[in-house]
Amino acid sequence: MTELAAVKAALKTQAVETPSWAYGNSGTRFKVFAQAGVPRDPFEKLDDAAKVHEFTGAAPTVALHIPWDRVGDYAALARHAEDRGVRIGAINSNTFQDDDYRLGSICHPDPAVRRKAVDHLLECVDIMDATGSHDLKLWFADGTNYPGQDDIRARQDRLAEGLAEVYERLGDGQRMLLEYKLFEPAFYTTDVPDWGTAYAHCLKLGEKAQVVVDTGHHAPGTNIEFIVATLLREDRLGGFDFNSRFYADDDLMVGAADPFQLFRIMYEVVRGGGFTSDVAFMLDQCHNIEAKIPAIIRSVMNVQEATAKALLVDGTALAAAQGAGDVLEANSVLMDAYNTDVRPLLREVREESGLDPEPMKAYRASGWGEKVVAERVGGEQAGWGA
Ligand code: AOS
Ligand code: ZN
Ligand code: ZN
């Protein structure tokens, strides 16, 4: 197989998971700008997600969020998805929007609150059984706002105890993906603030526990690709929550703020064998001011472009230059790949897959956006997925 044929073959396997909450209304604590035609329930979210997959061919699964996507019959929801050509992916827990969780959830000083949080996580695993999901994605807003508020060590002990109970509940083929975040909504300490904390807990739990790297969850200037390379080397990279940020956890379209960083991340994924393993490439974005479905299509295309560039890195020439200590040549090999316009290649891949080479144009021509505005009167008026 020629190198280009191998790159195309790899790109045809790419799968980016889209988040149900990205299709609904969202905003910041200052304002939610409701958009006409947004889904009114999880079934309609899957209808929209199916359109992203229909036109990109690279978005076959949809992450759910509980309780935002709570329904009476999760098996029926899974069938609804499959009838539209997609599947339900990760189940995201929510221990950050209940009044009881003011001082935390799984790390809360009150054992009754911790019990409530763990029971919610166990419910999410029950839902995984019903939907056939493999991944339980855990992000904890838990933390403190003031020095002395709570005991840092005790909170880690509570976290470990709660995670261990949920870990034991996982069935065959199911994983726990633990996501870290530097800050927000807690402002002094966050109980899972960085990759090291998440990694340490995953090591204690077992091989089903893996780390999720949300690209918006680091201090400015953090070398995220170093974290990715290290977690892959330790076989503990469960997946990504891809998005873009300029300042904090902005949840903008992945690749929109720093396409070079996305390329460097995807290079480490390809270099570390993560492209052909069970690393979950998930989006975690909120399209507060832009049309949602096209924004998600653009995001998938941005991941595809970064991946195509990463796959084009001449590994042999790079290794030779690195081995020779030829700094400029090694950098040049990487930059040659990054500076390659891969859009023609991706257009070929789409055409060979029976897709329109221009997903965004094809979606816009489909009339789906206009259709749902006309039909979905009374879309979610609440805030972020609530
Ligand atoms: C929050 O900032 C985290 O990125 C979460 O991963 C994500 O927003 C959440 O999972 C949605 O429920
Ligand atoms: Zn996230
Ligand atoms: Zn986030």
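For ligands, and for the atoms within them, numbers begin at 1 and follow the listed sequence. Worth knowing before you read on, the calculation uses all heavy atoms, side chains too, and leaves out hydrogens, waters and symmetry mates.
Checking only distances, Asp214 does come within under 3.5 Å of ligand 1, N or O to N or O.
With hydrogens and angles ignored, the 3.5 Å screen pairs no side-chain donor or acceptor of Arg175 with any backbone N or O of His134.
His217 contributes NE2 as its N, O or S atom closest to the Zn ion (ligand 3). Between the Zn ion (ligand 2) and the N, O or S atoms of Asp241, the shortest distance is to OD2. Restricting Asp249 to its N/O/S atoms, the shortest distance to the Zn ion (ligand 3) is reached by OD2.
Tyr338 carries Lys309 over the face of its six-membered ring, with the cationic atom under 6.0 Å from the centre and within 45° of the normal. By the 6.0 Å and 45° rule, Lys116 stacks over the aromatic ring of Tyr101. Within the cation-pi definition used here (under 6.0 Å to the ring centroid, within 45° of the axis), Lys181 does not qualify as a partner of Phe183. A cation-pi arrangement is absent between Arg245 and Tyr247 under the rule of less than 6.0 angstrom and at most 45 degrees off the ring axis.
Smallest separation of non-hydrogen atoms from Gln304 and Ala58: NE2-CB, 3.5 Å.
Ion pairing between Lys12 and Glu352 holds under the 4.0 Å rule for side-chain N and carboxylate O.
Numbered from 1 in the order shown, with element, the atoms of ligand 1 that lie under 4.0 Å from a heavy atom of Lys137 read 6 (O), 10 (O). Counting the atoms of ligand 1 from 1 in the order shown, those under 4.0 Å from a heavy atom of Asp284 are 3 (C), 4 (O), 5 (C), 6 (O), 7 (C), 8 (O). Close approach to Trp21 involves these atoms of ligand 1, each under 4.0 Å from a residue heavy atom: 11 (C). Near His65, meaning under 4.0 Å from any of its heavy atoms, are these atoms of ligand 1: 11 (C), 12 (O).
Between the OE2 atom of Glu179 and the OD2 atom of Asp284, the angle taken at the Zn ion (ligand 2) works out to 170° after rounding to 10°.
Between the Zn ion (ligand 2) and Asp214 there is an N/O/S contact shorter than 2.8 Å.
Under the 4.5 Å side-chain heavy-atom criterion for ILVMFWY residues, a single connected hydrophobic cluster contains both Val269 and Phe242.
Of the heavy atoms in His217, only side-chain atoms (C-beta onward) come closer than 4.0 Å to ligand 1. When non-hydrogen atoms are compared, ligand 1 lies under 4.0 Å from the side chain of Asp249 (C-beta onward) but not from its backbone.
Heavy-atom separations between Asp241 and ligand 1 include at least one value shorter than 4.0 Å.
Closest heavy-atom approach to atom 3 (C) of ligand 1 within the set Met282, Lys181, Glu179: this belongs to Glu179.
Between Phe55 and Tyr363, the ring planes lie perpendicular to each other; the angle is over 60°, past the 30° to 60° tilted range.
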